[in-house]
Peer 1: 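Structure incoming, see below.
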Amino acid sequence: MPELPEVEVTRLSFADRIAGARILGITMGKPLRWPLGCPTSSLLGREIRSVRRRGKYLLLDLDQGLLLLHLGMSGSLAFAAQLPPRGHHDHFELQTTQGFLRLNDPRRFGAVVFADSEDAAVARKLLGGLGVEPLTDDFDVASFHAGLKVRKASIKQVLLAGDLVVGVGNIYASEALFLARIRPTLRAHRITRPRAARLHAAIRDVLTRAVEKGGSTLRDFSNAKGESGYFQIDAMVYGRAGQPCRACGTAVKCIQQGQRATYFCPVCQKN
DNA sequence: AAAAGCCCCTGGATGC
DNA sequence: TGCATCCAGGGGCTTT
């Protein structure tokens with residue numbers, strides 16, 4: 001999916017334009033990951049007040065309740081006054097007084113779920129276990145290092161789990177670990193304070209730059225205005241197995257960790 | 001309690 | 001060109 005930068009870029013591309021809109025109609029396609037959780041008719045007439053992000057979830061605040069929206073692995077949003085005719089991967093659409101918001105999601109790992117509030121059971125289930133937001137002041141070296149110290153899984157998998165820090169997906173996990181010069185297989189609890197500080201900085205750096213570039217690393221990503229990001233122009237290791245490390249020239253390695261591909265430079269990233 | 005595996009689903013790339 | 005196989009950005013749930 002869309003990792004944190006892509007979700008944030010999506011949010012920025014339509015949040016202001018949809019704020020204040022009222023829901024006129026809803027069209028559902030094939031089932032997504034979870035049911036909406038309320039009759040579509042109960043949403044008609046409600047106002048969309050703001051769009052926030054928590055981890056990789058988008059939160060559409062309504063005048064009553066909120067919609068939790070997740071792009072899964074292959075989802076993207078479009079928001080415009082007019083949109084092309086619906087295709088067979090368009091599985092959710094809001095018609096509003098200010099335009100159409102449409103979710104296209106070929107693999108249907110995405111979801112749109114209604115919750116009465118952030119304290120509702122469904123919202124707590126989805127958001128309750130999420131870690132700290134990496135681009136806020138709450139993400140600090142001391143608590144990050146403390147969190148790592150009690151985890152025995154590999155650092156790559158701890159980053160991916162999202163219960164310590166959110167938003168770092170499979171691509172940016174490899175990229176951040178490269179920038180911090182840490183081997184992805186290193187057990188989290190063995191990471192020293194200086195290395196935790198490097199990783200902390202690397203995570204912020206790689207995510208911040210990706211947001212600035214408009215969600216740079218997804219090959220088929222586009223924001224809700226239909227503008228695509230640049231395709232992997234600055235991946236240091238991700239997707240580059242066998243190619244020379246951009247720092248030292250050694251062939252980039254690809255291994256499997258928890259059914260996911262991990263890329264790293266065996267020379268730059270020593271334990 | 002934490003960690004590891006298992007799925008959900010479709011399409012594109014690759015190889016024979 | 002056709003078909004089988006493999007792989008993909010996530011993450012909740014179940015099993016160890």
Peer 1: Out of the candidates A:Lys56, A:Arg54, A:Arg53, only one should pair with A:Glu8 under the salt bridge (Lys or Arg N to Asp or Glu O under 4.0 Å) rule; please name it.
Peer 2: A:Arg53

Peer 1: Could you go through the side-chain contact (heavy atoms from CB on, under 4.5 Å) check for A:Ile191 and A:Leu186 one step at a time?
Peer 2: CA-CA 8 Å; A:Ile191 290 183; A:Leu186 183 62; 3.6 Å; yes

Peer 1: Please state how far atom NE2 in A:His189 lies from atom P in B:dA2, giving the value in whole angstrom units.
Peer 2: 14 Å

Peer 1: Has A:Phe109 got its ring stacked on the base of C:dG11, with centres under 5.5 Å and planes less than 30° apart?
Peer 2: no

Peer 1: What is the distance, to the nearest angstrom, from the CD atom on A:Gln257 to the C1' atom on B:dA3?
Peer 2: 13 Å

Peer 1: Starting at the 5' end of DNA chain C and moving along, which residue's nearest nucleotide shows up first, A:Arg107 or A:Lys125?
Peer 2: A:Arg107

Peer 1: Check every atom of B:dG5, C:dG12, C:dG10 against the side chain of A:Lys56 and return the nucleotide holding the closest atom.
Peer 2: C:dG10

Peer 1: Please check if any side-chain donor atom of A:Ser154 sits under 3.5 Å from a side-chain acceptor atom of A:Gln257, or the reverse.
Peer 2: yes

Peer 1: Could you tell me the Watson-Crick or G-U partner of B:dC8, where both distances fall under 3.5 Å? Say none if there is no partner.
Peer 2: C:dG10

Peer 1: Find the distance A:Tyr238:OH to C:dA8:P and express it as a whole number of Å.
Peer 2: 6 Å

Peer 1: Checking all strands, does A:Ala261 fall into the base, sugar-phosphate, or nothing category for heavy-atom contacts under 4.0 angstrom?
Peer 2: sugar-phosphate

Peer 1: Just the rounded figure in Å: distance from P of C:dG11 to CZ of A:Arg54.
Peer 2: 12 Å

Peer 1: Just the rounded figure in Å: distance from P of C:dG12 to CE of A:Met73.
Peer 2: 14 Å

Peer 1: For the side chain of A:His88, counting heavy atoms from C-beta on, which of B:dG5, C:dG12, B:dG11 is nearest?
Peer 2: B:dG11

Peer 1: Using the P atoms only, state how far B:dC9 lies from C:dC3, rounded to an integer number of Å.
Peer 2: 24 Å

Peer 1: Verify the contact: side-chain N or O of A:His70 to OP1 or OP2 of C:dG11, cut-off strictly under 4.0 Å; return yes or no.
Peer 2: yes

Peer 1: Whole Å only: how far is the CG atom of A:Leu159 from the C1' atom of B:dA3?
Peer 2: 15 Å

Peer 1: Which part of the nucleic acid, if any, lies within contact of A:His91, taking any heavy atom under 4.0 Å across all strands shown: a base, the sugar-phosphate backbone alone, or nothing?
Peer 2: nothing

Peer 1: Give a yes/no on whether any side-chain N or O of A:Lys152 is located under 4.0 angstrom from OP1 or OP2 of B:dA4.
Peer 2: no

Peer 1: Step by step, work out the side chain to side chain donor-acceptor pair (under 3.5 Å) result for A:Asp105 and A:Ser74.
Peer 2: CA-CA 5 Å; A:Asp105 186 4; A:Ser74 56; 2.6 Å; yes

Peer 1: Would you mind classifying the nucleic acid contact of A:Gly169 as base, sugar-phosphate or nothing, using non-hydrogen atoms under 4.0 angstrom?
Peer 2: sugar-phosphate

Peer 1: Is there a donor-acceptor pair under 3.5 Å between the side chain of A:Arg183 and the backbone N or O of A:Gln269?
Peer 2: yes

Peer 1: Is it true that the side chains of A:Thr262 and A:Gln256 contain a donor and an acceptor less than 3.5 Å apart?
Peer 2: no

Peer 1: Return no unless some side-chain N or O of A:Arg108 is found under 4.0 Å from OP1 or OP2 of B:dT10.
Peer 2: yes

Peer 1: Mind calculating the distance between NZ (A:Lys149) and C1' (B:dA1) to the nearest angstrom?
Peer 2: 19 Å

Peer 1: Give A:Arg260 one of three labels, base, sugar-phosphate or nothing, depending on what nucleic acid heavy atoms sit under 4.0 Å from its own.
Peer 2: base

Peer 1: Given atom CD of A:Glu3 and atom P of C:dA8, what is their separation to the nearest angstrom?
Peer 2: 13 Å

Peer 1: If the cut-off is 4.0 Å, is A:Tyr57 near the phosphate of C:dG12, judged by side-chain N/O to OP1 or OP2?
Peer 2: yes

